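Notes for the one structure printed next.
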Amino acid sequence: QSALTQPRSVSGSPGQSVTISCTGTSSDVGRHNYVSWYQQHPGKAPKLILYGVSERPSGVPHRFSGSKSGNTASLTISGLQAEDESDYYCCSFAGSHTYVFGTGTKVTVL
Amino acid sequence: EVQLVESGGGLVQPGGSLRLSCVTSGFTFRSSWMGWVRQAPGKGLEWVATINPDGSEKYSVDSVKGRFTVSRDNPKNSLFLQMDSLGAEDTAVFYCAKFCSGAGCDGTFDFWGQGAMVTVSS
C-alpha cells in the first residue's frame, strides 16, 4: 500500500494551465477508474473536486478536469485563478475495499 | 446540509487508547459506507479504515490492523474509531468521511468532517 506519486509542487500564472500527475501501479490506478481528486486549503478539510477519473461534483468549476492513461491519472486546472492555490491529492481504489492517496501537490499561483 | 462532526481527539501517552466519534446529519447514515482518513502534521492524507452500512464489513490499512477498530451506531448516526496501542507515528488529524453513494461515484469520499487532532506523546 505505497502512496501514489505526485509532484511536490507545480506553479503557474493566472490564466495559465497546470497539470498534476498521479502515478500508481497496475493494482490501483491502472486497474480501476475509481480515481478521485481533493483540494485542501491550509488548516481545512479536503474537498472533493473530481471522481471517477474525470467527473465533477456539482458546484466544482469546469476549469478542473481529469484523465487517466495506464497507471497515471492527471488533474488539469485550466485558466488558473488565485483561489486555486492549494494542496491537491489524488486517491485510488486499491482493491478489497482499500484506498491509497497520493503524496500531494502544492499548487502556487504566481 | 451534510454535516460530519468529529470529537474525542486529544493528547495521549504512547501505548494508550483513544476513541474518536463522528456525529453525522443531512444524509441517510444507515445506508452509507463510511471511513476514516488521517493526516500527520505537514504530511499527506492516509486512508485508515472503512465500514459498510450495517457494520458487518470492516477494512483498515495494514499499519493499524489489530490496533484500531472502526464501528458505527446507525440509530445515533454516529461513526467511531477505537484506537489502542497508540504510538508517536499515529499523531495526526483524523477525518471522518462519507463515501459517495450515487451512480458512478464508487470509491469516492464526497463529504468530510473538520477533523480531530490526536497527539501521542509522553
Side-chain angles (χ1 to χ4, degrees), chain A residues 1-9 20 22 24 27-29 31-60 66 68 73 75 86-106, chain B residues 1-6 9 22 24 27 33-53 55-65 68 70 92-117:
Chain A
Q1 292 170 326
S2 298
L4 308 175
T5 301
Q6 297 180 230
R8 194 171 186 87
S9 64
I20 302 169
C22 168
S27 296
D28 39 61
V29 176
R31 174 168 292 185
H32 309 284
N33 283 330
Y34 301 141
V35 176
S36 50
W37 288 88
Y38 303 86
Q39 178 190 62
Q40 186 182 34
H41 287 115
K44 300 295 186 181
K47 173 191 171 185
L48 174 66
I49 57 171
L50 289 177
Y51 66 91
V53 175
S54 59
E55 301 297 315
R56 275 184 309 275
S58 174
V60 172
K68 191 186 87 166
L75 165 68
S86 187
D87 293 326
Y88 292 83
Y89 293 90
C90 59
C91 179
S92 175
F93 178 63
S96 301
H97 295 281
T98 66
Y99 297 84
V100 59
F101 281 91
T103 50
T105 299
K106 180 176 178 60
Chain B
E1 180 191 6
V2 172
Q3 289 193 326
L4 300 92
V5 181
E6 300 96 336
C22 173
T24 73
F27 64 100
W33 286 74
M34 298 293 298
W36 289 97
V37 176
R38 68 181 175 182
Q39 185 171 36
K43 302 297 184 182
L45 301 171
E46 180 185 33
W47 168 76
V48 173
T50 294
I51 186 169
N52 73 332
S56 62
E57 297 179 43
K58 304 175 184 182
Y59 307 90
S60 61
V61 67
D62 287 347
S63 60
V64 309
K65 278 188 168 71
F68 290 11
V70 59
V93 174
F94 283 74
Y95 294 101
C96 164
K98 169 187 168 297
F99 276 94
C100 181
S101 54
C105 66
D106 290 346
T108 300
F109 301 96
D110 58 352
F111 290 96
W112 299 63
Q114 85 288 351
M117 183 70 209

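Remember, predicted model here, so these are calculated numbers, not experimental data. The sequence lines fix the lettering, A, B, ..., with proteins before strands; numbering per chain opens at 1. Because only heavy atoms are used, hydrogens play no part in the values below, and waters and symmetry mates are left out as well, while side chains stay in.
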Q: Check whether A:Pro46 gets within reach of chain B through its side chain, its backbone, both or neither, counting any heavy atom under 4.5 Å.
A: both
Q. Which atoms of B:Thr108 come close to chain A, meaning under 4.5 Å heavy atom to heavy atom: side chain ones, backbone ones, both, or neither?
A. both
Q: Would you mind checking which part of B:Tyr95 comes under 4.5 Å of any heavy atom in chain A, side chain (CB onward), backbone (N, CA, C, O), both or neither?
A: side chain
Q. Top residue by heavy-atom pair count (under 4.5 Å) with chain A, among B:Gly44, B:Gly115, B:Ser63?
A. B:Gly44
Q: State, to 0.1 Å, how close B:Trp47 and A:His97 come at their nearest heavy-atom pair, and which atoms those are.
A: CZ2-O, 3.5 Å
Q. Atom SG in B:Cys105, atom CG in A:Leu48: separation rounded to 0.5 Å?
A. 8.5 Å
Q: Please assess B:Gln39 against A:Tyr89 for the test side chain to side chain donor-acceptor pair (under 3.5 Å), listing each intermediate value before the final yes or no.
A: CA-CA 12 Å; B:Gln39 185 171 36; A:Tyr89 293 90; 3.3 Å; yes
Q | Nearest heavy-atom neighbours spanning A:Phe101 and B:Leu45 | A | CB-O, 3.3 Å
**Q.** Those residues that, when tested against A:Cys91, pass disulfide bond (SG atoms under 2.5 Å apart) (two or more places apart)
**A.** none
Q) Nearest heavy-atom pair of A:Tyr38 and B:Phe109: which atoms, and what distance? A) OH-N, 2.9 Å
Q: Report, as yes or no, whether the 6.0 Å neighbourhood of atom NZ on B:Lys43 holds more than 12 heavy atoms from other residues, nucleotides or ligands.
A: no
Q) For B:Val61, is it the side chain, the backbone, both or neither that has a heavy atom under 4.5 Å from a heavy atom of chain A? A) both
Q | Interface moiety of A:Gln6 toward chain B, non-hydrogen atoms closer than 4.5 Å | A | neither
Q: Identify the heavy atoms of B:Gly107 and A:Ser36 that sit nearest to each other, and give their distance.
A: O-OG, 4.2 Å
Q: Quick one: sort the B:Phe99 and A:Tyr99 rings into parallel, tilted or perpendicular, breaks at 30° and 60°.
A: tilted
Q) Where on A:Ser92 is there a heavy atom nearer than 4.5 Å to chain B: the side chain, the backbone, both, or neither? A) neither
